[in-house]
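Report on the following structure.
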Amino acid sequence: MAEKILEIRSLTTGFLTDKGLVKATDRISLDIEKGKTLCIVGESGSGKSVTALSVMRLIDYAGGIIEDGKVLFNGQDLVSKRQNEMLKIRGNKITMIFQDPMSALNPVFTVGEQIAESLRIHKNLPEKEAWRQAVDMLRKVGIPSPEIRAKQYPYEMSGGMCQRVVIAMALACNPELLIADEPTTALDVTVQAQILDLLQQLKQEFKMSMLLITHDMGVAAEVADRIAVMYAGALVEEGTVAEIFDRPRHPYTIGLLSSIPGLEGERGGELYTIKGSIPPLSNVPSGCRFHPRCPYAMDVCKTNEPPLRESATGHKAACWLDDVGEDDPRPGKPNRAETKVTIGSRPEVTQP
Ligand SMILES: Nc1ncnc2c1ncn2[C@@H]1O[C@H](COP(=O)(O)OP(=O)(O)OP(=O)(O)O)[C@@H](O)[C@H]1O
Ligand code: NI
């Protein structure tokens, strides 16, 4: 079995509110193999960013609490680390880029100074060498005339250029894992494609692993090795790109795929966008949390939480329809051989 860079084990993260602890991720388990890209997809508010911030332990600063679970990075649990230990890992072995490049850059320093600063701190480089490497990084992320650009301030650059600078900063220390949270959402479409290509190319060159968060199934199809689908704080399906796109098992995944223009015809269904909206996390529905919006919901779905079951190929889904047999209403009927093996991989909770 391939080596894992990241193993998230039953991670529950919450926020203390006037309604008590509200869970933003509920017993999430995910793996990333070395050199691979995992994409987390799901609607707004499903807990994608909270998952990423928990891995980075930045959630502590966002008012969140990791209630339970482990985040193993190269086998070491990050959840039990103190923040001063995290400082050696964050920005060095694991780096993160966000949607808005401007918020990641300091307006009062030149872009070269900001990259060089990171290299001085994490790699202990002398000033000249840090500057040389900063310019080199700007070249690697495709910024023309990097010697000149390095002396410019963020406001002198376009959004796309700034995101390249942010990527240069994130990769300068040669991290083992890059977490990118909607890295292209704030950019125009043509620039989006360039930034995605750049990330793909740099991932190879730097031999990194990547956790990419997106609400765009098209982006996931392009860059992911595996895709994890989150809904209202829970992992509902996980598999290879082919498993998710060709043989989706969870009706939520089927709904997400059907809302991509141009794909809906392929499985013969009519254009179907998911009705309703994601529930407030303070009031997650009983049983399967997707049941109020699920076109195929059965009685069992209202009362019993479906276990996350894994097939022989490693395709995981949490859906009671896997038990239905011949009358399976899902379009394109998921491959039955693939749904056959059932291993509960989410700790059971007592049902209300
Ligand atoms: N600092 C916070 N305090 C309280 N609740 C929060 C905080 N940050 C996030 N949440 C809640 O946690 C839930 C998950 O948020 P998260 O940002 O992870 O969603 P997401 O899947 O990344 O959505 P989006 O696609 O909009 O970025 C949301 O209901 C959100 O309101
Ligand atoms: Ni988010």
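Counting starts at 1 for both ligands and their atoms, following the listed order.
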Practice prompt. Flag yes if more than 12 heavy atoms outside Lys36 fall under 6.0 Å of its NZ atom; otherwise flag no.
Written response: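 No, because the 6.0 Å sphere around NZ of Lys36 holds 12 heavy atoms or fewer from other groups.
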
Discussion item. A quick test of your reading: do over 12 heavy atoms of other residues, nucleotides or ligands sit less than 6.0 Å from NZ of Lys151?
Written reply: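 Not buried by this count: 12 neighbours or fewer within 6.0 Å.
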
[X] with [Y]: basic N within carboxylate O range, under 4.0 Å:
{"X": "Glu85", "Y": "Arg57", "result": "no"}
{"X": "Glu156", "Y": "Arg149", "result": "no"}
{"X": "Asp322", "Y": "Arg330", "result": "yes"}

Considering only the protein, which heavy-atom contact is closest to [atom], and what is its distance?
{"atom": "atom 26 (O) of ligand 1", "answer": "Ser44 OG, 2.4 Å"}
{"atom": "atom 8 (N) of ligand 1", "answer": "Phe15 CZ, 3.3 Å"}
{"atom": "atom 27 (O) of ligand 1", "answer": "Ser49 OG, 3.8 Å"}
{"atom": "atom 25 (O) of ligand 1", "answer": "Lys48 NZ, 2.8 Å"}
{"atom": "atom 12 (O) of ligand 1", "answer": "Ala24 CB, 3.5 Å"}

Report yes if [X] has an N/O atom closer than 3.5 Å to an N/O atom of ligand 1; otherwise report no.
{"X": "Thr51", "value": "no"}
{"X": "Gly47", "value": "yes"}
{"X": "Ala62", "value": "yes"}
{"X": "Leu281", "value": "no"}

Discussion item. Please tell me if atom 30 (C) of ligand 1 is touched by the protein, where touching means a protein heavy-atom distance below 4.0 Å.
Written reply: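 No, there is none.
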
Worksheet item: Within the structure, does at least one protein heavy atom fall under 4.0 Å of atom 19 (O) of ligand 1?
Response: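 It does: a protein heavy atom is found less than 4.0 Å away from atom 19 (O) of ligand 1.
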
Fill in: Any Gly45 heavy atom less than 4.0 Å to ligand 1
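Yes, Gly45 has a heavy atom closer than 4.0 Å to ligand 1.
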
Worksheet item: So is Met230 in contact with ligand 1, going by heavy-atom distances below 4.0 Å?
Response: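 Judged by the 4.0 Å heavy-atom criterion, Met230 does not count as contacting ligand 1.
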
Discussion item. Under a 4.0 angstrom heavy-atom cut-off, which atoms of ligand 1 come close to Glu43?
Written reply: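 Near Glu43, meaning under 4.0 Å from one of its heavy atoms, ligand 1 has 21 (O).
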
Item to complete: Could you name the option among Ile213, Leu16, Val50 that has the heavy atom nearest to atom 15 (O) of ligand 1?
Response: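 Residue with the shortest heavy-atom distance to the ligand atom: Val50.
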
Worksheet item: Can you name the salt bridge (charged side-chain N to carboxylate O under 4.0 Å, His left out) partners of Lys140, sequence neighbours left out?
Response: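 Expected list: Asp136.
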
Worksheet item: With distance as the sole criterion, is a donor-acceptor pair present between the side chains of Ser46 and Glu43 under 3.5 Å?
Response: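 No - no donor-acceptor pair under 3.5 Å links their side chains.
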
Worksheet item: Does a donor on one side chain sit under 3.5 Å from an acceptor on the other, for His215 and Glu182?
Response: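 Note: His215 and Glu182 side chains meet the donor-acceptor criterion.
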
Worksheet item: Does the side chain of Met208 reach to within under 4.5 Å of the side chain of Glu176, using non-hydrogen atoms?
Response: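 Heavy-atom side-chain distance check fails, nothing below 4.5 Å.
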
Worksheet item: Applying the side chain to side chain contact (heavy atoms under 4.5 Å, CB included) test to Leu30, which of Glu238, Arg226, Met230, Glu7 qualifies?
Response: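 Looking at Glu238, Arg226, Met230, Glu7, the match for Leu30 under the side chain to side chain contact (heavy atoms under 4.5 Å, CB included) is Glu238.
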
Fill in: Distance below 2.8 Å from the Ni ion (ligand 2): protein N/O/S atoms
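Less than 2.8 Å away from the Ni ion (ligand 2) sit Ser49 OG.
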
Worksheet item: Are the aromatic ring centres of His250 and Tyr231 under 6.0 angstrom apart?
Response: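 Not close enough - the centres of the two rings lie 6.0 Å or further apart.
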
Item to complete: Run through the side-chain heavy atoms of Ile, Leu, Val, Met, Phe, Trp and Tyr, join any pair under 4.5 Å, and report what else lands in Val22's cluster.
Response: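 Listed partners: Leu281, Val284.
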
Fill in: Connected-component partners of Tyr153 among ILVMFWY, side-chain separation under 4.5 Å
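Taking Ile, Leu, Val, Met, Phe, Trp and Tyr as members, Tyr153 shares its hydrophobic cluster with Tyr155.
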
